[in-house]
Amino acid sequence: MVFIKLTKQFYQNFTKNFTTKQPPHKTIQEHMMSSSSHNSPSHNFPPLKNDRLLKAIRFEKVDTTPVWIMRQAGRYLPEYKQTRSQAGDFLSLCKDVDKATEVTLQPFRRFDLDCAILFSDILTVPDALGLGLYFEAGDGPKFKKTVRNLTDVEALPNVNIATELDYVMKAVTNIRHALNGIAPLFGFSGSAWTLATYMVEGGGSKEFRHIKAMMYREPETLHLLLDKLANVVIDYLVAQIDAGAQLVQVFDSWGGVLAYREFMTFSHQYNQKVVQGVKAKYPDIPVVVFTKGGGLWLSTQVQNGADMLGLDWTMSLADARKIALAPTKPIALQGNLDPAVLYASCENIYKHTHLMLNDVYSIGQKTGYVANLGHGIQQWVDPDCAKAFIDAVHDFSL
């Protein structure tokens, strides 16, 4: 283990950087290129200037560890809150191409990030299935309709991605042009299991009472639902890649609430199906799978075909790397700093980030890793603390 020895003067100089005013930036309108065609294979995108993250996923040599933050465009940024208030509500913000582009780029005006992620929501898919997504203040996402029996599942319509989710594809293309090559762009979707939890429960849940009842009482009904959702997710991710996404992530946010056999049966196999479906169309596009609470099953997850697996903060990265490097084709890892670390001082953020990176690189492999939090950044975090994390990653010597 390499221990960190930093002087008090170093920390004074280091933390001073976070109060330095950022240089003025062009407005989104000044550098955003309009794009009316989003399904054409030729979009004339600007060349990529920073491929550090893509190199790390491919296990190629990198000059420093790449880093991005889940939910990096979101409620912890005052400029995001202002844009959202202009949009009226969260769903309207997602469906407004210009504003979705604006909030995607906002973090790049503050931070030295190595990737952008499409500003959208995993629940756009259930919304396109006609369940009536809406958001209640303080209570999260809700659906006007639920899916709780075989009749409900069979009544679900086929989703025409090109029409019902056209606004997402337009946003992907617009964002890709607006980035002007400064970083690659992530597309994403919820996993089949995670989408199903919201659709069956009618919103967020702590007990997962309805979907677990379906799982144990009517497993065939749940499998039918998951299979339908997996097919939609494949089409959705492929359409995002058609529109300009350079890699995609599957958020299996609730895979960790399952017991091991149920994880294998109702989450893992459908994640595997999604990865295979995307890879069948785009074998060279990196696919990332993140199962929150799934570190216990990492030896199983490395078999799902993904190029990179995300980890939350509950597993040692040193142990995870040994598992991920064991297959014939090594798997890159992403994560896994506890988001609550960002409530600490810049000095402690720096220390904990470097301890994490010491774990990652303790086995001697100096690539195949992307730094991130173990889940999304929380709304109460000071943006300067997010900057401390990002800068600490890039300041780590490989």
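Quick note: residue numbers are just sequence positions, from 1.
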Which is it for His394 and Asp114 under the side chain to side chain donor-acceptor pair (under 3.5 Å) test, yes or no, and what are the steps along the way? CA-CA 10 Å; His394 283 159; Asp114 292 302; 2.6 Å; yes

Please walk me through it: do Tyr282 and Asp242 pass side chain to side chain donor-acceptor pair (under 3.5 Å)? CA-CA 10 Å; Tyr282 285 107; Asp242 288 341; 2.3 Å; yes

Using the side chain to side chain contact (heavy atoms under 4.5 Å, CB included) rule, take Leu225 and Val200 through it: C-alpha gap first, then chi angles, then the decisive distance, then the call. CA-CA 10 Å; Leu225 174 59; Val200 176; 3.9 Å; yes

Start with the C-alpha distance between Asp127 and Lys95, add both sets of side-chain angles, then the distance that settles side chain to side chain contact (heavy atoms under 4.5 Å, CB included), and finish with yes or no. CA-CA 12 Å; Asp127 187 48; Lys95 293 184 177 183; 3.5 Å; yes

What do the steps show when you test Ser189 against Gln240 for side chain to side chain donor-acceptor pair (under 3.5 Å), and what is the final call? CA-CA 10 Å; Ser189 174; Gln240 290 181 44; 6.0 Å; no

Take Val67 and Phe389 through the test side chain to side chain contact (heavy atoms under 4.5 Å, CB included) and record every step on the way to the result. CA-CA 9 Å; Val67 58; Phe389 165 62; 3.8 Å; yes

Please assess Thr65 against Tyr361 for the test side chain to side chain donor-acceptor pair (under 3.5 Å), listing each intermediate value before the final yes or no. CA-CA 10 Å; Thr65 303; Tyr361 298 121; 2.6 Å; yes

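Closest of all the heavy-atom pairs between Glu201 and Ile211 is OE2-N, 2.9 Å. In plain terms, the two heavy atoms of Ala178 and Thr101 that are nearest each other are CB-CG2, 3.7 Å. Considering all non-hydrogen atoms of both residues, Ala171 and Ala100 come closest at CB-CB, 4.5 Å. Of all non-hydrogen atoms in Pro383 and Pro78, the two that sit nearest each other are CG-CD, 4.3 Å. Heavy atoms only, all atoms of each residue included: Leu373 and Ile69 are closest at CD1-CG2, 3.7 Å. Across Asp312 and Gly294, no two heavy atoms sit closer than the pair OD2-N, 4.4 Å.
Checked by atom type and distance alone, the side chain of Asp338 never pairs as donor or acceptor with a backbone atom of Val341 at under 3.5 Å. Proximity of a side-chain donor or acceptor of Gln72 to a complementary backbone N or O of Cys115 within less than 3.5 Å is detected. Using modelled atom types, no side-chain atom of Thr367 and backbone atom of Lys61 make a donor-acceptor pair closer than 3.5 Å. At distances below 3.5 Å, at least one donor-acceptor pair connects side-chain atoms of His177 with backbone N or O atoms of His43. No side-chain donor-acceptor contact under 3.5 Å links Glu164 to the backbone of Leu129. Put simply, the side chain of Gln378 never gets that close to the backbone of Ala340: no donor and acceptor are under 3.5 Å apart. Judged purely by atom type and a 3.5 angstrom limit, Thr194 uses its side chain to pair as donor or acceptor with the backbone of Ser253. Between the side chain of His223 and the main chain of Glu218, no donor-acceptor pair closer than 3.5 Å is present. Judged by distance alone, with hydrogens and angles left aside, the side-chain atoms of Arg321 form no donor-acceptor pair with the main-chain N or O of Ser362 at under 3.5 Å. The backbone N or O of Ser191 sits nowhere less than 3.5 Å from a side-chain atom of Asn271 that would complete a donor-acceptor pair.
By the 4.0 Å N-to-carboxylate-O rule, Asp152 lies too far from Lys145 to be salt-bridged with it. Under the 4.0 Å criterion applied to side-chain N and carboxylate O atoms, Asp307 and Lys329 are assigned as salt-bridge partners. A salt bridge does not link Glu154 to Lys228: none of the charged side-chain nitrogens sits closer than 4.0 Å to a carboxylate oxygen. Note on Glu79 versus Arg110: salt bridge recorded, some NZ/NE/NH1/NH2 to OD/OE distance being below 4.0 Å.
In this structure, Phe119 has its ring center under 6.0 Å from that of Tyr80.
At least one side-chain heavy atom of Leu54 sits less than 4.5 Å from a side-chain heavy atom of Leu48. Looking at heavy atoms from C-beta onward, Thr104 lies out of side-chain contact with Leu179 at the 4.5 angstrom threshold. Inter-residue side-chain proximity for Asp121 and Pro141 is flagged as unmet; no heavy-atom pair is nearer than 4.5 Å.
The aromatic rings of Phe186 and Trp68 lie tilted to each other, with the angle between the two planes from 30° to 60°. The aromatic rings of Tyr76 and Phe111 lie parallel to each other, with less than 30° between the two planes, well short of the 60° mark. Ring planes of Phe396 and His354: perpendicular class, angle over 60° (limits at 30 and 60°). Taking the six-membered ring for Trp and thresholds of 30 and 60 degrees, Tyr198 and Trp254 have ring planes inclined between 30 and 60 degrees apart. By the 30° and 60° cut-offs, the orientation of the rings of Phe266 relative to Trp193 is tilted.
Residue Arg75 qualifies as open at atom CZ: its count of foreign heavy atoms under 6.0 Å is 12 or below. The number of heavy atoms from other shown groups lying within 6.0 Å of NZ (Lys366) is above 12.
Rounded to the nearest 0.5 Å, atoms CH2 (Trp297) and CD1 (Ile323) are 13.5 Å apart. Asn304 contributes atom CG, which lies 7.5 Å from atom CD1 of Ile331 (distance to the nearest 0.5 angstrom). Between Ile390 atom CD1 and Leu113 atom CG the span is 4.5 Å, to the nearest 0.5 Å. Rounding to the nearest 0.5 Å gives a distance of 4.5 Å between CD of Gln334 and CG of Asn372. Atoms CG and OG1, from Leu226 and Thr221 in turn, are 11.0 Å apart once rounded to the nearest 0.5 Å.
Not a single salt bridge (charged side-chain N to carboxylate O under 4.0 Å, His left out) links Arg209 to another residue, sequence neighbours left out.
Under a hydrophobic-cluster definition in which Ile, Leu, Val, Met, Phe, Trp and Tyr are linked whenever side-chain heavy atoms come within less than 4.5 Å, directly or via other members, Val168 and Tyr134 are assigned to different clusters. Taken together through direct or relayed side-chain contacts under 4.5 Å among Ile, Leu, Val, Met, Phe, Trp and Tyr, Leu325 and Val289 form parts of separate hydrophobic clusters.
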